[in-house]
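Notes to accompany the following structure.
This structure is a prediction, so every number in the text was calculated from the model and none was measured. All values below come from the heavy atoms of this structure, side chains included, with hydrogens, waters and symmetry mates left out. For ligands, and for the atoms within them, numbers begin at 1 and follow the listed sequence.
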Amino acid sequence: MQSREIRLKSRPVGVPSHEHFELAETTLGALAEGDVMVRNHWMSVDPYMRGRMYDRASYVPPFAIGEPLQGGAVGEVVESRSPDFAPGDLVSSMFGWREGFVAPAGALEKLPRAGGVPEQAFLGVLGMPGFTAWAGLLEIGKPQPGETVFVSGAAGAVGSIVAQIARIKGCTVVASAGSDEKCDWLRSLGVHHAINYKSCGDLNAAVKAAAPKGINIYFDNVGGEHLEVAIENARPFARFVECGMIADYNATAPAPGPRNIMQVVGKSLMIRGFIQFEFAALRPQFLSDMMGWIASGDIKWQETVEEGIARAPDAFIGLFSGANTGKMLVRL
Ligand code: NDP
């Protein structure tokens, strides 16, 4: 089978652009005993991939120049030399950024086809971003009814699920996003106060107006000014769930810390970062909760879809300008 893939051509400095990626065609090799051949239907682009484009040690190894990029994908088995998989099986893998691949069966996870949920949901609401939202908010934030939760990047894959789980848990939800359309969508999901951080003028004043008594939980997807504003508006003993800091992912020099960090002491704040796989053992509980909320209509989601492997770099680059509402995906 012929397959096209996207390779990393050079390491971006600042915001990535097309020159850093190349499209290549390969012929998939013959299957060894235990191998499976998969045709991908969908691939994910995620902000964390920007970190893997730097040549530095992190919790995942850097992408190699000249090699296909990796990431979450959902596809269909087309040929199998493993007793665990048969042609037609739906599988998820980390062999994204390519139309097809051959891999050992152990690198694949079989997905259910039932339930009326589209298969690409396993890259979003039922996949890594949904799990990140669920685990970060519930295991670290521990929201209580009547509390106020502030979430940034709220119209994205993770943020939109955080906002809805906070609402389900009986919290007042303050959410920020980068356009009026995104804020309208968030209100339609039951968010109590949606702030367009690009047009509100004074983010600190906007959060203060939305939460005059302060916030109990800040779910941070953005860092930068948002983090400073959250500290400013934190109630004593507020919990900060540090999920991501996308405002700094393309920085060419280390970003300065929040100028008001001293308030962490006086307000007894808890600031806790995490990588979602810390909570991997809780995935069955997550799937049960999320399937239930989807079935009851309590959780809704959106997708922004780019068509075809050649558009994968555009999808990825678009994450940094807010091109997506909900999960950014590429249909292959
Ligand atoms: P999103 O779907 O939220 O896409 C990224 C969004 O970030 C954009 O749509 C844009 O929305 C916003 N954004 C981009 N640049 C900036 C900026 N400079 N300032 C403010 N907002 C910006 O991505 P995900 O939901 O997949 O990821 C959200 C965050 O969660 C990221 O920081 C990611 O790294 C992190 N993450 C962490 C995980 C973990 O295990 N800790 C796992 C998964 C994700 P807008 O229009 O609102 O600006």
Worksheet item: Listing by chain and number, which residues have a heavy atom under 4.0 Å from ligand 1?
Response: Pro47, Met128, Thr132, Gly156, Ala157, Val158, Ala177, Gly178, Lys182, Tyr197, Asn221, Val222, Cys243, Gly244, Met245, Ile246, Ala247, Tyr249, Phe274, Ile275, Gln276, Leu319, Phe320, Gly322, Asn324, Gly326
Worksheet item: When hydrophobic residues are tied together by side-chain contacts of less than 4.5 Å, even through go-betweens, does Val330 share a cluster with Leu8?
Response: yes
Fill in: Residues in ring-ring contact (aromatic ring centres under 6.0 Å, His included) contact with Phe122, at least two apart in sequence or another chain
none
Worksheet item: Under the ring-ring contact (aromatic ring centres under 6.0 Å, His included) rule, what pairs show up with a residue in residues 39-58, not counting sequence neighbours?
Response: none
Worksheet item: Going through the checks in order, is the salt bridge (charged side-chain N to carboxylate O under 4.0 Å, His left out) test met by Glu33 and Arg81?
Response: CA-CA 5 Å; Glu33 193 59 40; Arg81 291 193 64 192; 2.8 Å; yes
Worksheet item: Under a 4.0 Å N-O cut-off, is there an ion pair linking Arg259 with Glu225?
Response: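 Here Arg259 does not pair with Glu225 in a salt bridge, since their nearest N and O are not under 4.0 Å apart.
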Worksheet entry | Partners meeting salt bridge (charged side-chain N to carboxylate O under 4.0 Å, His left out) with Glu307 (sequence neighbours left out) | Arg331
